[in-house]
Structures are given as structure tokens and as C-alpha cells.
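Order of the sequence lines sets the chain letters (A, B, ...), proteins ahead of strands, with each chain counted from 1. Bear in mind that the values here come from a model prediction, so they are computed numbers and not experimental data.
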Protein chains: 2
Amino acid sequence: MDGTQSVKERRDVVVVLREFLAAVQLPENGRLPNERDLADRLGITRAELRKGLAVLESEGQLWRRVGTGTFVGPKPPQMLDIAELAERTTSLQMMRARIALEPELAHLAALNISAAEIAELQALNGACRSAKNWREYEAYDARFHHGIAKAARNPVLLAMLDTLNGVRRAVTWGRPRPEGDRPSTAHHSFTDHDTIVDAIAHGEPVKAADAMRRHLQTVEDRLVGRMP
Amino acid sequence: MDGTQSVKERRDVVVVLREFLAAVQLPENGRLPNERDLADRLGITRAELRKGLAVLESEGQLWRRVGTGTFVGPKPPQMLDIAELAERTTSLQMMRARIALEPELAHLAALNISAAEIAELQALNGACRSAKNWREYEAYDARFHHGIAKAARNPVLLAMLDTLNGVRRAVTWGRPRPEGDRPSTAHHSFTDHDTIVDAIAHGEPVKAADAMRRHLQTVEDRLVGRMP
DNA sequence: CCATCAACCATTCAAGAATTGGTTTTATTA
DNA sequence: TAATAAAACCAATTCTTGAATGGTTGATGG
């Protein structure tokens, strides 16, 4: 064979690896042979090979995962674990995230919403008003905001809001809840929702985004303890 | 046994089920026995049981999934599938999502970033400039934006940007890529990055958010075809 | 001290059996 | 015959087990 000598030649392992990658012309996300085989093929030891792979990995040329293999290209993103994420997230950080997302969603909704969806939003807002306990209110409130996101006609933003709500629910699971009393304290949210729906229904994106931002800001203020 | 008579008594299955749930006191997300066993224990037929479960499920008292079981409480949100999401998402929608997220991230980064992170951002921007091909440029660009998100100190927003980038990559996989030529066409991005880093480094959140918004807007304009 | 080799570890995947909710067919009984 | 209980079947999911893989450690020997 030809490879066994390259060790003695002291050629840098990284160079050998680059040549190999160029030779085999693997496609993006293509899989390299496993380390044991590849070390044999290149005529180098596995420890040496791993050093070289580490370099290429740090350069972002490839990525590795235990039990799976070594692949060309940047590391694919991991699907986020909602429960794990909720542990590292405070209620305030949740609100900052919502403030980042939802005004833009209201903006887009004002541009794309249908008549049926407007009616649904109004119905959900009414359901919020007549909720018999706090938990029921939160369920309708979540569906209200989800409805706006759906009307925005942007799958990515919708998915992100949904995961956001998932984290929100997981976060509130850990905290105690005022189970019995009705959400009379949230009466300001009702009028907030009204103005948001009105702006969206009249096709006024900027106004809708502003209303949503003010609404969430109020919730955040209340969360921090700044009662207006 | 005792249960076999309750069928003849014609007591409503739902009532029996509610009594059972109250008796066993399952915690939130607790799992019920499987339908065959439960039907035996309650002395009713499986079809009857399923009617009752359907009612409670529609009430949101519990949720079921094939192969898994029946559980107490509202249905947990599903983790989003990046590949599936990418199929329903256009490049333009991707940009709208980024414009919703990243200015806020730049804002927060300006408030929370450390000196080491500033240096890292500058280094990554430099790496963008000296990228030898388009793919390498995109890798560093992604790490640049990720660095800003990390400096924002908000796990939820960071996770959302990461999934966003995952979708972005999955979207661009489907499209052809200009493999060979260097990203000289993206030279305006370099100065954009400069102004963003400067604003963040000087602790000017509004300025940073504006710079980020303008930067992404330029990219979107270029995407749509409006060359400025 | 360093490189090499082997063994071991932890994670992941793949294939198949078992489990479970969902559906249809068959048997039983009034 | 109609209603209904019982069984069988279906499809999605989990569990189990073994193999494959990257990651780590330690013995061996220059």
C-alpha cells in the first residue's frame, strides 16, 4: 500500500486529511469512514487522526457525534428541549422574548389576516373576559396570541411562538398558581386585546405592533412589580 | 367482582371516570392505566370507556397518544421539526423572522456583553472578511450572529435564533449555491458588522438594534432583488 | 517523555418485540 | 334484526438488545 510511509515522512496529519477530503469529494453532510478504518486507510494512528479531526472540527469544516460518526460541514442545530430550556429561563426573560416576537407578528397579521380569523380573535377575547378561573383565562389568552401568530402567515415565526408558549407553560409549572380567584386583575388585558384586534382588523400594522408592544410591556411591568 | 353490575345501572361512564380520577389522585401529566385494564377495573366495556375518555379529552382534562398512553392535563407542545418547517418556509419569511428577533438581541447584547465577547465578535468579523469561499463566509457570519445572541444573556432568545439558523441552513440546502466565487459581493456586510459591533461595544442598545435592523433589511432587499 | 496500541466507556443507531390508542370485524344476546 | 359486547386487527410509539462509533484511559515500549 501507499499510505504507510506518510507517517515517517512527518507530513502534517491535517494536510493528509485535507487531501483525503478533497479526493473523496464528500457532499455536504456526507459521512466519513469511522476513525478506526480511516486511520488504517491513511496509514496513521488513531490518536494522530483524532488530533487532525479536532483541528478541522474547530474550523467548522466537519462535526462529530458519539455513536453517529463524523460528517462534512457545520454542525446541525439540535432541537431544543423545552423542559431543559425552561429551567434556565426566568419569567422576565420570557417576556423579553415575547416582546421581541409578538409585535412583529401583530404587524404581519394586520397585513394578512382574513375576516374569519378576525372573528375568531374577537371570540377568543370574549372567552378571556368570561373565564371562570385563572387557568382557563390563560388557556384562552394563549389561543388569542396564537391566533394572531397564525394570521401572520409565517411558519417560522408561528413555530417559534408556539415553542415560546411551551417554555412559558413549563416555567409556570414550577411556580405556585393562584388557583381559585378569577382574573379580575387582568381586566386591563381585555382592553389591550381590544385595541390590538381593532388595529389588526383595520389593517394598520404599525398601530397593531405598538398596541401589542404596550400590552406586553404592561404585563412585564406588572411582573417586575412596577404597578402603573 | 363488584364492577360488573355498574353497567346495568346505566350510570354515566363519564361520572364513573371522574370518580376514578378523583380517587386515584393522579398528578399533572400522570398516566392512566391502559384502556384494556382500565375497562376491566371499572367493569365497563372498552368502547364505553373510550366514549367517556373522548369527552374528558375534549374538555382538556386529559390527552391521549397512540402507543404512549392517556395522561392528565393539557397536551404538551410538540418540539418543532426543523426539516419539515424548512419545507414550508421561504427565504423572505426567514428574513422577516430574523428582523423580528435579531435587533432585540443586539439591544440586549449591548447591555450585557463582556469584554471577551466583544473581542470574539471582532475576531469573527475579521474572519468573515478573510473567508476564502462563500461557504466559509456563511459559517463565520452565522457564528457572528450567534455570538451576539449569546451575549444577550437570554436562553430562550438564543435557542430561537439557533433553531432559526437551523431552518435557514435547511432552506438554503435546497437551493443551488455559488460555490466557487469569493463573497466580494457581501462587502457591505463587513461594514454593517463593524457598526453593529461598535454600538454593542459602546453600550448603545438603541443604536445597536437599529444597525442590526438596517443590516438585515439590506440583506432582505438584496434577496428580493431591490439592489440599493 | 512520547507515540502506539489495546481495552474500555458512553452515546447513538438499527431492528424487532411488546405496548397502546384507534378501528374494524365477528360473535352474542335481547 | 338491532344493539352491544368481545375479539381481532391496525398504526403509532416505546422498550429492548446488540452493534457501531466517537471519546477516554492505561499499559507497553521505544
**Request:** May I have the distance from A:L49 (atom CG) to C:dT4 (atom C1'), rounded to whole angstrom?
**Result:** 14 Å
**Message:** Can you tell me which nucleotide in D:dG23, D:dA6, C:dC5 comes closest to the side chain of A:E35?
**Reply:** D:dG23
**Request:** Please confirm whether any donor atom in the side chain of B:R65 sits under 3.5 Å from an acceptor in the base of C:dG22, or the reverse.
**Result:** no
**Asked** Would you say D:dT21 has OP1 or OP2 under 4.0 Å from some side-chain N or O of A:R64?
**Response** no
**Distance, rounded to the nearest Å, where A:R31 contributes CZ and C:dT12 contributes C1'** = 10 Å
**Fill in**
By side-chain hydrogen bond (donor to acceptor under 3.5 Å, both in side chains), B:R31 pairs with (sequence neighbours left out) none
**Request:** Taking only the side-chain nitrogens and oxygens of B:T45, find out if one of them lies under 4.0 Å from OP1 or OP2 of D:dT4.
**Result:** no
**Prompt:** Rounding to a whole Å, what distance do you find between A:L56:CG and D:dG22:P?
**Reply:** 14 Å
**Complete:** Rounded to whole Å, the CG-P distance (B:D40 to D:dA5) equals 14 Å
**Message:** Here's a test of your reading of the structure: between B:A47 and B:T68, which maps to the more 5' nucleotide of DNA chain D?
**Reply:** B:A47
**Message:** Check the orientation of B:H215 and B:H145. Use parallel for under 30°, tilted for 30 to 60°, and perpendicular for over 60°.
**Reply:** parallel
**Phosphate contact (C:dC5 OP1 or OP2) by A:R36 side-chain N/O below 4.0 Å** = no
**Asked** Hey, mind stepping through A:H193 and A:D141 against side-chain hydrogen bond (donor to acceptor under 3.5 Å, both in side chains) and telling me if it holds?
**Response** CA-CA 9 Å; A:H193 286 186; A:D141 178 70; 3.2 Å; yes
**Item:** Distance in angstrom units between A:L53 CG and D:dT24 P, rounded
**Value:** 13 Å
**Request:** Rounded to the nearest angstrom, tell me the gap between atom CG in A:N34 and atom P in C:dC13.
**Result:** 16 Å
**Fill in**
A:R50 has its side chain closest, among C:dT23, D:dA20, D:dG23, to D:dG23
**Message:** If you compare every side-chain N and O of A:R46 against the phosphate oxygens of C:dC5 (OP1, OP2), does one of them come in below 4.0 Å?
**Reply:** no
**Message:** Can you tell me if B:T70 touches the phosphate of C:dG21, counting only side-chain N or O atoms and a distance under 4.0 Å to OP1 or OP2?
**Reply:** yes
**Request:** Find the distance B:E48:CD to D:dT4:P and express it as a whole number of Å.
**Result:** 9 Å
**Message:** Tell me the interatomic distance from B:W63, atom CH2, to C:dT20, atom P, rounded to whole angstroms.
**Reply:** 14 Å
**Message:** Quick check for you: to the nearest 0.5 Å, what is the distance between B:L105 atom CG and A:R96 atom CZ?
**Reply:** 11.0 Å
**Message:** If you assign A:P33 and B:V66 each to the DNA chain D nucleotide with the nearest heavy atom, which residue ends up on the more 5' nucleotide?
**Reply:** B:V66
**Message:** Checking A:E35 now: which residues fulfil side-chain hydrogen bond (donor to acceptor under 3.5 Å, both in side chains) with it, not counting sequence neighbours?
**Reply:** A:R46, A:R50
